[in-house]
S.K.: 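Encoded as structure tokens, here's the structure I'll be asking about.
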Amino acid sequence: MNSLLAHLNPPQLAAVTLPPAHALILAGAGSGKTRVLPPRIAWLISTGQVSPPGVLAVTFTNKAAKEMQTRLAGMLPINVRGMWIGTFHGLCNRLLRAHYRDAGLPQLFQILDSADQQSAVKRLLKSLNVDDEKFPPRELCQFINAQKEQGLRPAAVEAWDDWARKRVGLYEAYEAQCQREGVVDFAELLLRSYELLERNEPLCRHYQERFRHILVDEFQDTNKLQYKWLKLLAGGGAHLFCVGDDDQSIYAFRGADVGNMADFEREFKVPNLIRLEQNYRSHGNILDAANAIIKNNPTRLGKNLWPAAGSGEPIRIYESYSDGDEARWIVEEVKALQRDGHARAEIALLYRSNAQSRALEHALFNAGLPYRVYGGLRFFERAEIKHALAYLRLIANTDDDTAFARVVNFPARGIGARSLENLQDAAKAANSSLHAAIPQVAGAGGAKLAAFARLIESLREAAYLPLPELVAHVVDLSGLRAHYQNEKEGQERLANLDELINAAASFVAEEGTPNQDGEITGEFGNDLSSFLAHASLEAGEHQAGEGDDALQLMTVHSAKGLEFNVVFISGLEDGLFPHENSLSETRDGKSGLEEERRLMYVAVTRARQRLYLSFAQTRMLHGQTRYNLPSRFLDEVPEELVKWLTPRAGKGGFAVSSAPTYPATSRRSESSGGSGFRIGQSVMHAKFGLGVIINAEGGGSDARVQVNFGNAGIKWLALAVAKLEAAN
DNA sequence: TGGGAGTGCTTTTTT
DNA sequence: AGCACTCCCA
């Protein structure tokens, strides 16, 4: 017990040992939030204020959930696995499995991931003969998810014109299709379990009385529906303990609503608001920079981090000519860091968008530096894995048309578009699943379909096998193995399929069938369906090479929650970071720029000891060279914290005008009609301010240049008319 | 039916 | 540039 509370600073200690009441913990970056949540649970349990089944702890990622369980298990001799600690989606899945009948779902309902959802929507549009140009599946999915995340069923969605009404109609049809197929998408997991509790009073009361303490991590990332879900569950007098940081809210673009923090404080009359402001992670200069940046956001709950360590090193800023030069400079710097004894795994290369990793990877590969890119295709998202899973899903539920459509002709068995069309028509006429409609289809196509149905049947007959054997059986009998054996590049895919069999084995070993859980038990389905849910909910950690000492490459988004001794933030250019699309966005009266700034804040606060910021004058993006101004966020870092590794750039302009700074690559100087200006050059315009020349045409008195003025936009200017001055 | 060429899109992302 | 998707021809 004492060890539980040792090493806590006063606010942390206060948070952990708060008396039972609602609480909002504003936990700044690096302020030791992980030292608060698990100890809080452990303290509540060990002081007898709550029993383990009375705790509900919610996170956003599986990783965070697992970490919480591990830490808790290290503090208390209890069975953590039976506790309700998990992600919103994981816990909702659990709820729906336990009460599938009340929720109006088949026992073995399947979960659609985003890709599945999109293909389901595509299939829907096709079957309804809807033009997918007018209703792009991607957009339609976003619309549907956005509605669900606000708790809105089709009937409740307002629509003012034909197009909007049509869209709502498609939402409705999509729901019907999912219901018929027995599948739910991610948003549906939440909405369905919310409605389940809301409409079923005894059940709701049961859980309200059971969960006495509800703890929420990353509360700033909750959306409206998740907040409503929490409110509903806490409605029986439970105590809500929410930890969050409004300055790290970077998911508004997908529906997260920081407003929940203020709403929570108001609606629950939260008596305990605790600020964790002492930062144990970063040196002072880094924190000062972060504070200075985030201070520019007008709408904040207010919080200033102060360091536990000294001010440390200055922040290093580097300007390069091109993205390639930037990458090569980073490589050299990393090599130097290695020589100084820094482990590669302690160095992170962050960027705003995934496309930027390519230049970095290229340079790292050439230099032979091991690196690991986060955020690639994950294990359960690989095509061959999804194929195998689709067969498994058909074993669990033959009505799963998404799975059916995926593999009916994979590996190829001569069932073409024509036969499928017939099948779809038959299914539509009978309002049945594709599988059920097979006997309706005549002719050669019908015979082939019938053969496929027999294949499914024989796979289903093997369902009694232990899960790993079943998976192996499916991989063989479906023809997937043979298919990839014949394919030239199929070796890796075969290896992945074998890995799937392994994954099934370890899944059974770790979380196999008996899932005793409080009072309501015995309805969790079998190994197969829980394995499939696991595959959807937990797409599997990225790639191999986890344990290796490799550089860490990732977007700023995926770096949230992580920390490194050394951090490079590359591509700090206006248009990239802040992203150009963000400049015109607003959400709940807050500008997209504010979210970009929070993103920058998150990026900066990842660094413990050393922070590099870099930008390039030219960058290859989508096959075109772009000329951007340095990021405005660079200007927000106080000068006294900075050490320029290249000559200091003026406010908003470039310092290095002609010669590439690193390495001295030979570069043809592109001139614009002998005017004395060149592409990439910074110029000053009386009205538009600073800009960069990004294109030129004509010559002599006719010379015109295109200039990117950042805020003021991109303009074509005639040199004879516009009075441009070189700004270097 | 299936592969190869042509076309279009491209912020961030977990579940 | 690179990838996914579509269309067309063998």
Side-chain angles (χ1 to χ4, degrees), chain A residues 58-65 86-93 111-119 122 132-133 136-139 142 145 148-149 184-190 218 221-223 225-226 249-256 323 350-359 361-362 374-378 380-381 383 409-420 444-445 448 487 533-542 554-561 571 575-585 592 595-596 598-600 602-603 619-626:
Chain A
V58 202
T59 63
F60 274 85
T61 65
N62 293 299
K63 201 174 156 199
T87 62
F88 277 102
H89 295 86
L91 295 171
C92 287
N93 175 50
I111 300 167
L112 302 184
D113 67 20
S114 325
D116 296 332
Q117 185 188 27
Q118 243 188 73
S119 58
K122 265 188 204 159
D132 63 0
E133 306 258 286
R138 208 183 118 100
E139 219 165 78
Q142 283 173 358
N145 293 337
K148 290 188 180 183
E149 278 161 14
V184 297
D185 57 47
F186 286 136
E188 184 73 23
L189 281 173
L190 276 153
E218 305 277 17
D221 286 338
T222 49
N223 62 34
L225 180 57
Q226 287 162 335
S249 154
I250 56 175
Y251 287 111
F253 75 91
R254 65 172 197 217
D323 47 354
L350 308 185
Y351 34 82
R352 175 65 179 81
S353 64
N354 280 311
Q356 287 167 251
S357 76
R358 201 150 269 138
E361 287 185 69
H362 182 74
Y374 285 74
L377 198 58
R378 291 179 303 172
F380 285 109
E381 290 169 356
N409 196 36
F410 194 95
R413 39 180 80 89
I415 300 173
R418 195 57 164 278
S419 314
L420 279 182
K448 285 172 179 167
E487 205 175 61
H534 166 84
S536 301
L537 290 173
E538 202 169 331
E541 262 317 288
H542 319 280
M554 64 192 88
T555 63
V556 179
H557 281 91
S558 25
K560 191 169 103 173
L576 250 170
F577 197 2
H579 197 279
E580 54 198 348
N581 295 0
S582 74
L583 301 178
S584 53
E585 284 170 355
E595 179 144 319
E596 294 289 306
R598 290 192 293 270
L599 202 48
M600 181 67 185
V602 167
R619 185 173 296 275
M620 204 52 164
L621 204 64
H622 310 318
Q624 276 182 329
T625 305
R626 307 193 6 155

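In what follows, every heavy atom counts, from backbone to side chain, and hydrogens, waters and symmetry copies are set aside. Being a predicted model, the structure only gives us computed values, none of them experimental. Convention: sequence-line order gives letters A, B, ...; per-chain numbering from 1.
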S.K.: For A:P136, what residues pass the side-chain contact (heavy atoms from CB on, under 4.5 Å) criterion, not counting sequence neighbours?
M.R.: A:E139
S.K.: Got a sec, which residues hit side-chain contact (heavy atoms from CB on, under 4.5 Å) with A:R138, two or more places apart in sequence or on another chain?
M.R.: A:Q118, A:Q142
S.K.: What integer distance in Å separates A:D116:CG from B:dT14:P?
M.R.: 16 Å
S.K.: Atom pairs under 3.5 Å, N or O on each side, protein against nucleotides 8-13 of chain B: can you list them with distances?
M.R.:
from	atom 1	to	atom 2	distance (Å)
B:dT10	O2	A:H622	ND1	3.4
B:dT11	O4'	A:H579	NE2	3.0
B:dT11	O2	A:R352	NH1	3.3
B:dT11	O2	A:R352	NH2	2.3
B:dT11	O4	A:E585	OE2	2.3
B:dT12	OP1	A:N354	N	2.7
B:dT12	OP1	A:N354	ND2	3.4
B:dT12	O4'	A:R352	NH1	2.8
B:dT12	O2	A:R352	NH2	2.9
B:dT13	OP1	A:T555	OG1	2.5
B:dT13	OP2	A:N354	ND2	3.1
B:dT13	O2	A:R254	NH1	3.4

S.K.: List for me each residue that meets salt bridge (charged side-chain N to carboxylate O under 4.0 Å, His left out) alongside A:E188, sequence neighbours excluded, and say none if there are none.
M.R.: A:K148, A:R153, A:R192
S.K.: With sequence neighbours excluded, what pairs up with A:E218 under the salt bridge (charged side-chain N to carboxylate O under 4.0 Å, His left out) test?
M.R.: A:K33, A:K560
S.K.: So, using salt bridge (charged side-chain N to carboxylate O under 4.0 Å, His left out) as the criterion, who are the partners of A:E361 when residues are at least two apart?
M.R.: none
S.K.: Just the rounded figure in Å: distance from P of B:dT15 to CG of A:L537.
M.R.: 9 Å
S.K.: Could you tell me the separation between the NE2 atom of A:H534 and the P atom of B:dT15, rounded to a whole number of Å?
M.R.: 11 Å
S.K.: Quick one: list whatever passes ring-ring contact (aromatic ring centres under 6.0 Å, His included) with A:H579, sequence neighbours left out.
M.R.: none
S.K.: Go along nucleotides 5-10 of chain C 5' to 3' and tag each nucleotide: B for a protein heavy atom under 4.0 Å from its base, S when only backbone or sugar atoms are that close, - otherwise.
M.R.: S-----
S.K.: Run the side-chain contact (heavy atoms from CB on, under 4.5 Å) test against A:A115 and tell me which residues pass, sequence neighbours left out.
M.R.: A:D113, A:K386
S.K.: What does A:D113 touch in the nucleic acid at a heavy-atom separation under 4.0 angstrom: a base, only the sugar-phosphate, or nothing?
M.R.: nothing
S.K.: Got a sec, which residues hit ring-ring contact (aromatic ring centres under 6.0 Å, His included) with A:F60, two or more places apart in sequence or on another chain?
M.R.: A:F88
S.K.: Pick out the pairs of N or O atoms, protein on one side and nucleotides 1-6 of chain B on the other, that lie under 3.5 Å.
M.R.:
from	atom 1	to	atom 2	distance (Å)
B:dT1	OP1	A:G414	O	3.2
B:dT1	OP1	A:G416	N	2.5
B:dT1	OP2	A:A417	N	3.4
B:dG2	OP2	A:N409	ND2	3.2

S.K.: Report the residues that fulfil side-chain contact (heavy atoms from CB on, under 4.5 Å) with A:N62, sequence neighbours left out, ordered by chain and then residue number.
M.R.: A:T87, A:E538
S.K.: Under the side-chain contact (heavy atoms from CB on, under 4.5 Å) rule, what do A:Q226 and A:V58 come out as? Steps first, then yes or no, please.
M.R.: CA-CA 10 Å; A:Q226 287 162 335; A:V58 202; over 6 Å; no
